[in-house]
Amino acid sequence: FKNTIKTIKYYVLLMSGGPGSGKGTQCEKIVAKYGYTHLSSGDLLRAEVASGSERGKQLQAIMQKGELVPLDTVLDMIKEAMIAKADVSKGYLIDGYPREVKQGEEFEKKIGAPALLLYVDAKAETMVKRLVKRGETSGRADDNEETIKKRLDLYYKATEPVIAYYEKRSIVRKINSELPVDEVFAIVEKAIDELK
Ligand SMILES: Nc1ncnc2c1ncn2[C@@H]1O[C@H](COP(=O)(O)OP(=O)(O)O)[C@@H](O)[C@H]1O
Ligand SMILES: Nc1ncnc2c1ncn2[C@H]1C[C@H](O)[C@@H](COP(=O)(O)OP(=O)(O)O)O1
Ligand SMILES: [Mg+2]
């Protein structure tokens with residue numbers, strides 16, 4: 001496993017930003033163009049919830065409150081998913097992790113250093129509006145106004161410091177995600193192309 005993780009470490013891109021900022025939307029477009037392996041911590045957790053397992057029930061309760069699930073749970077899930085794709089992956093696009101500085105530090109220790117962090121940035125007002133709208137059809141237990149507020153608070157408290165942590169290494173590209181999806185993607189493409 002050690003070797004596998006070592007070979008891939010230069011191809012790890014992180015997608016960060018607040019809830020509803022457009023991480024998932026941009027990741028889909030990156031996958032379509034660049035073929036990277038998209039791993040969304042939220043999707044991995046929701047798959048565990050959908051399995052109906054005892055662990056899934058505990059996770060669901062945490063997510064419904066807008067809180068973060070335990071670090072080990074989410075890092076193990078990501079690592080397993082990375083290893084499962086190691087033979088075929090052209091690179092990894094990790095969406096929703098790290099959400100706190102400690103998660104970033106553990107990622108470095110257990111997996112490696114990311115090459116780029118794409119930070120999609122939108123105003124709180126915009127994010128809330130998008131999430132309320134998404135909640136009309138998403139079926140997600142956390143897309144309701146009460147939980148959205150908690151997720152936003154936690155984002156500013158715990159996740160924004162992660163961006164500062166990576167800024168020290170100059171791998172952060174901040175992207176204005178108030179713009180229409182395709183214009184946001186044009187900036188994303190530029191950031192990725194500059195890597196090569
Ligand atoms: N640039 C954009 N302009 C307008 N709406 C957007 C934009 N990006 C995403 N959305 C919409 O906002 C909602 C949240 O986007 P999503 O990609 O799920 O965000 P995240 O994964 O960061 O929570 C979705 O309904 C999506 O269609
Ligand atoms: N890295 C992580 N650490 C802890 N909890 C996480 C996590 N990633 C996701 N979760 C939990 C808490 C989040 O509120 C919830 C939904 O995550 P998400 O799908 O990435 O949200 P969004 O794309 O709307 O920003 O799952
Ligand atoms: Mg998402």
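Counting starts at 1 for both ligands and their atoms, in listed order. Being a predicted model, the structure only gives us computed values, none of them experimental.
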Give yes if a backbone or side-chain nitrogen or oxygen of R99 is under 3.5 Å from a nitrogen or oxygen of ligand 2, and no if not.
yes
Could a heavy atom of R46 be found less than 4.0 Å from some atom of ligand 2?
yes
Judged by modelled atom types alone, do E48 and S53 share a side-chain donor-acceptor pair under 3.5 Å?
yes
How close does the nearest protein non-hydrogen atom get to atom 3 (N) of ligand 2, and which residue and atom is it?
Q103 NE2, 2.7 Å
With hydrogens left out, which residues have an atom under 4.0 Å from ligand 1, given that only heavy atoms count?
G18, P19, G20, S21, G22, K23, G24, T25, R130, R134, S177, L179, P180, V181, V184
I'd like to check whether V74 has a polar contact with ligand 2, where a contact means an N/O of the residue lying under 3.5 Å from an N/O of the ligand.
no
Hey, does E67 come in under 3.5 Å of ligand 2, counting only N/O atoms on both sides?
no
How far does NZ of K110 sit from CD of E106, to the nearest 0.5 angstrom?
5.0 Å
Of the protein's non-hydrogen atoms, which lies at the shortest distance from atom 5 (N) of ligand 2, and what is that distance?
V69 N, 3.1 Å
Logged contact type for R140 with ligand 2, heavy-atom cut-off 4.0 Å, is side chain
I need the atoms of ligand 2 closer than 4.0 Å to a non-hydrogen atom of G42, numbered in the order shown.
9 (C), 17 (O), 18 (P), 19 (O), 20 (O)
Just how far is it from atom CG of N176 to atom OH of Y119, taken to the nearest 0.5 Å?
10.5 Å
Supply the atom-to-atom distance L39 CG to D95 CG, rounded to the nearest 0.5 angstrom.
9.0 Å
Which residue and heavy atom of the protein sit nearest atom 26 (O) of ligand 2, plus the separation:
M63 CE, 3.5 Å
Any chance the side chains of S177 and D121 put a donor and an acceptor closer than 3.5 Å?
no
Give the residue and atom name of whichever protein heavy atom lies nearest to atom 24 (O) of ligand 2, and the separation in Å to one decimal.
R151 NH2, 2.7 Å
min-distance protein heavy atom vs atom 8 (N) of ligand 2 -> S41 OG, 2.7 Å
With heavy-atom distances below 4.5 Å as the criterion, would you say the side chains of I94 and L13 are in contact?
no
Any idea which atoms of ligand 2 are less than 4.0 Å away from a heavy-atom of G96?
1 (N), 2 (C), 7 (C), 8 (N)
Dump the intermediate steps for salt bridge (Lys or Arg N to Asp or Glu O under 4.0 Å) on E105 and K109, then the final yes or no.
CA-CA 6 Å; E105 291 167 353; K109 274 192 223 154; over 6 Å; no
Pi-cation contact, F185 with K29 (under 6.0 Å, within 45°):
yes
If only atom types and distance count, is the side chain of Q26 paired as donor or acceptor with the main-chain N or O of G22 below 3.5 Å?
no
Specify the protein heavy atom at minimum distance from atom 11 (C) of ligand 2: its residue, its atom name, and the distance to 0.1 Å.
L45 CD1, 3.6 Å
For L14 against P98, the heavy-atom pair lying closest together:
CD1-CD, 3.7 Å
Tell me whether the count of non-hydrogen atoms from other residues, nucleotides or ligands lying under 6.0 Å of CD in E28 goes above 12.
no
How does the hydrophobic cluster around L154 look, that is, which other residues are in it when side-chain heavy atoms under 4.5 Å mark a link?
L68
Do any nitrogen or oxygen atoms of D142 lie less than 3.5 angstrom from nitrogen or oxygen atoms of ligand 2?
no
Euclidean distance, E67 CD relative to D142 CG, rounded to 0.5 Å
12.0 Å
Which ligand 2 atoms does K23 reach within 4.0 Å, using its non-hydrogen atoms?
22 (P), 23 (O), 25 (O)
Need the ligand 2 atom indices (1-based, order shown) with element for anything under 4.0 Å from a heavy-atom of R134.
24 (O)
Please determine if Y97 has a nitrogen or oxygen closer than 3.5 Å to a nitrogen or oxygen of ligand 2.
no
Ligand 2 contact on M77 by region, counting heavy-atom pairs under 4.0 Å:
neither
One should read off an interatomic distance between E125 CD and L152 CG, to the nearest 0.5 angstrom, of 11.5 Å
L131 to ligand 2: N or O pair under 3.5 Å?
no
OG (S21) and CE (M15) are apart, to the nearest 0.5 Å, by 8.5 Å
